[in-house]
There are 2 protein chains.
Amino acid sequence: MSLSIKDIARLSGVSTATVSRTLSQPDRVSETTREAVMAVVDRHGYRVNSMARNLRRQRADSVLAIVPDLGNPFFSAIFAGLQQTLSAGGTDLLVTDSHSALRGGQSLLSHLREARVDGLVCLDGELPEAARAELKAPDIATRVVFACEWLAEGDFPSVRSDNRAGMRLAVDHLVGLGHRDIAYLSGPGGNVLDTERRAGVVESLASHGLALPGPRFGSGDFSLEAGRAAAAEFLALIPRPTAVICASDQLAIGLASGLHAHGLRVPDDVSLVGFDDIQTAEFVNPPLTTVRQDRLQIGVQAASLLLRQLAGANCAPNKIVTLPVSLQVRGSTAAPSLARKP
Amino acid sequence: MSLSIKDIARLSGVSTATVSRTLSQPDRVSETTREAVMAVVDRHGYRVNSMARNLRRQRADSVLAIVPDLGNPFFSAIFAGLQQTLSAGGTDLLVTDSHSALRGGQSLLSHLREARVDGLVCLDGELPEAARAELKAPDIATRVVFACEWLAEGDFPSVRSDNRAGMRLAVDHLVGLGHRDIAYLSGPGGNVLDTERRAGVVESLASHGLALPGPRFGSGDFSLEAGRAAAAEFLALIPRPTAVICASDQLAIGLASGLHAHGLRVPDDVSLVGFDDIQTAEFVNPPLTTVRQDRLQIGVQAASLLLRQLAGANCAPNKIVTLPVSLQVRGSTAAPSLARKP
DNA sequence: TTGAAAGCGTTACCAG
DNA sequence: CTGGTAACGCTTTCAA
């Protein structure tokens, strides 16, 4: 059993109040007593019990990040950003995925309601209706920020990349290369990111007097598998597009793999653009041209936004931080081969 | 301000003790009172305050996972496994990286010592001496398990893949294909995984009457960049190996990218084998032959081992769980081309 | 089956 | 500058 503040008080001949002050507000204690107390503290390796402290202070010094799927490597960089900012302020990072958070009809807010965490960083924009409703309760809404994805309703503070601007960069790049038949490989239907990115593509194509080929292309999620599966769909497109802008890098890499299996060459037969700039994008063959979003920064900004929010600096309700993106031009895009025009 | 157990007690005309029992041991309460209390609880959406409960019960209902780098996507699957097992038992998952955990001379054990968490899952085998020493304190050692990596000293319980067996599979595969000049691309020097995998390669080569080419090849970490950088080193090897077994998939993919830039073809000019079977391994071009380790399972096993440990089921001291691995044969390996023999 | 009451380890207010 | 002392919200004997 470890020592409590009472033991330290007794051992150093002062009251528990003084020990407490020595530890949390050293300047409110005389130098002599401070040194005496610290000597005892150090000798015994005493650490305050955070459960007791938190109960008394009525806060948890920790926040919960909710992602759609913990196994998705996309979120690692965001965790790093969150952690980086949170740990600097002594706040802990808990993680969970919406699936387990919601399991057994449990509330997304259990952690908040049970006072286990002070706030929530929600990285999932596809919450079931019940969860969305809960989030809007006035005493809750101030403790939540969204990151990456967001909710169309509710005016939650959020941090996101400039998805439309990203797609404009992609379209301009391809059009500049000479492409006119450009397709968009969709992510999950209804997902805000997919909606936004698609809108960005449509909007930018329009400004060049172009449009997307008719039917929706792609379905499912943002994954490698979905990308690969979309290859067959691509082959059926008439006229066949000379370039595809994908809703994510994983889709693009999966599609490249699928196209390759069907004997099509990237970028000779078709140019590919991704979105995210995940680590491997630069290392696949050919290296992927993609819209880079700064995931670390998304984490950093989300954490500091939440921290400010919790600190009561409620200066900016429904604050939205939009992060800039950039186009990384690599080997997966090239001018369309004239030979292929059917 | 939310309601406390006192409010619920008052509202339902019973004592706080009864409310507490109703919530945590429903069978120790008469059906009538139980229903009455639950009605009030439900109407007001009362949730137990976990800080108070934990202070009283003297536990945190949460564990901390420490990884070398939160930004490394390799760990996502392991987090998923940890979470899956932990959440089933109502335990929370905190994450941090060794870097921030150790920042400012802080102890790795702060969280444990401050009673913020009940136990530690350590995924970093390269801890500084001071941290290693701390971990061995008797009251601490029972609350820690290692996963993936481990410490050579200290007899901590740990979960790991069968690294040697994996390398045997890789070597046998290459030798079976006709390779005799096989190199090993090293990860970080001194890292237990690298040491173990290299030993596995050496051992298996020896059983075929073969040996590694002289000098150590590769240095740095397990990353894509390190792999790419190793390409130049590879070119300098004489005689040039016809195959390379890499300490990780990232190294292999990076090396492939570097070799490609130098005009070498995989697998025509050189065969490549990775280790891990990360998601992208199957999607790069050519798809990577690799030793698959089940990261989700590593997480699952580590969590349940820790949970058992904490529950006092100290049945197996220095317990080591070794998980099986398998070889995924894909396009990056082929028979050596005779033409290239110098 | 239920209630009273003693803590769990801190912090912060109020005196001195 | 320091000490006494209520809380913080809950669980768990111990009695009834």
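First the proteins, then the strands, lettered A, B, ... as listed; each starts at 1. We use all heavy atoms of the structure for the numbers below, so side chains are in, but hydrogens, waters and symmetry mates are not.
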Touch class at under 4.0 angstrom, heavy-atom based, for [X] against every strand present:
X: B:R34; answer: nothing
X: A:T33; answer: sugar-phosphate
X: B:V19; answer: nothing

What is the distance, rounded to the nearest whole Å, between atom [atom1] of [X] and atom [atom2] of [N]?
X: B:L3; N: D:dG9; atom1: CG; atom2: P; value: 11 Å
X: B:R10; N: C:dT2; atom1: CZ; atom2: P; value: 20 Å
X: B:I8; N: D:dC10; atom1: CD1; atom2: P; value: 9 Å
X: A:L23; N: C:dG9; atom1: CG; atom2: P; value: 16 Å
X: B:M51; N: C:dG7; atom1: CE; atom2: P; value: 23 Å
X: A:I5; N: D:dG4; atom1: CD1; atom2: C1'; value: 14 Å
X: A:N49; N: D:dC8; atom1: CG; atom2: P; value: 19 Å
X: A:E114; N: D:dC10; atom1: CD; atom2: P; value: 11 Å

Considering only side-chain heavy atoms of [X], which listed nucleotide, [options], is closest?
X: B:Q58; options: D:dA7, C:dC8, C:dG3; answer: C:dC8
X: A:S30; options: C:dT10, D:dT2, C:dA12; answer: D:dT2
X: A:A52; options: D:dG3, C:dT10, D:dC10; answer: C:dT10
X: B:R56; options: C:dT10, D:dC10, D:dT11; answer: D:dT11
X: A:Q25; options: C:dA12, C:dT10, C:dG3; answer: C:dA12
X: B:R57; options: D:dC10, D:dT12, D:dA6; answer: D:dT12
X: A:S15; options: D:dG3, C:dT2, C:dG9; answer: D:dG3
X: A:T16; options: D:dT11, D:dT5, C:dA4; answer: D:dT5
X: A:A17; options: D:dG9, D:dG4, C:dT11; answer: D:dG4

**OP:** May I ask you to check whether A:S98 and A:D124 show a side-chain donor-acceptor distance below 3.5 Å?
**Re:** yes
Original post:
Any luck finding a side-chain donor-acceptor pair between B:T142 and B:Q309 under 3.5 Å?
Top reply: no
**OP:** Check the pair A:E153, A:K136 against salt bridge (charged side-chain N to carboxylate O under 4.0 Å, His left out), reporting the backbone distance first and the verdict last.
**Re:** CA-CA 9 Å; A:E153 76 246 38; A:K136 290 182 211 146; 3.4 Å; yes
Would you tell me if any nitrogen or oxygen in the side chain of [X] comes within less than 4.0 Å of OP1 or OP2 on [N]?
X: A:S20; N: C:dT11; value: yes
X: A:Y46; N: C:dT10; value: yes
X: B:T18; N: C:dT1; value: no

Subject >> Nearest-0.5 Å distance, CD of residue B:E196 to CG of residue B:N191 >> reply: 10.5 Å
Original post:
Do the side chain of B:R21 and the base of C:dG3 come within less than 3.5 angstrom through a donor-acceptor pair of N or O atoms?
Top reply: yes
Original post:
Relative to B:F74, does B:R295 satisfy both conditions: NZ or CZ under 6.0 angstrom from the six-membered ring centre, and within 45 degrees of the ring's axis?
Top reply: yes
**OP:** Could you check A:R113 against B:S2 for side-chain hydrogen bond (donor to acceptor under 3.5 Å, both in side chains), going step by step and ending with a plain yes or no?
**Re:** CA-CA 8 Å; A:R113 289 249 153 79; B:S2 64; over 6 Å; no
**OP:** Nearest-nucleotide wise, let me know which of B:R28 and A:L55 is further upstream toward the 5' end of DNA chain C.
**Re:** B:R28
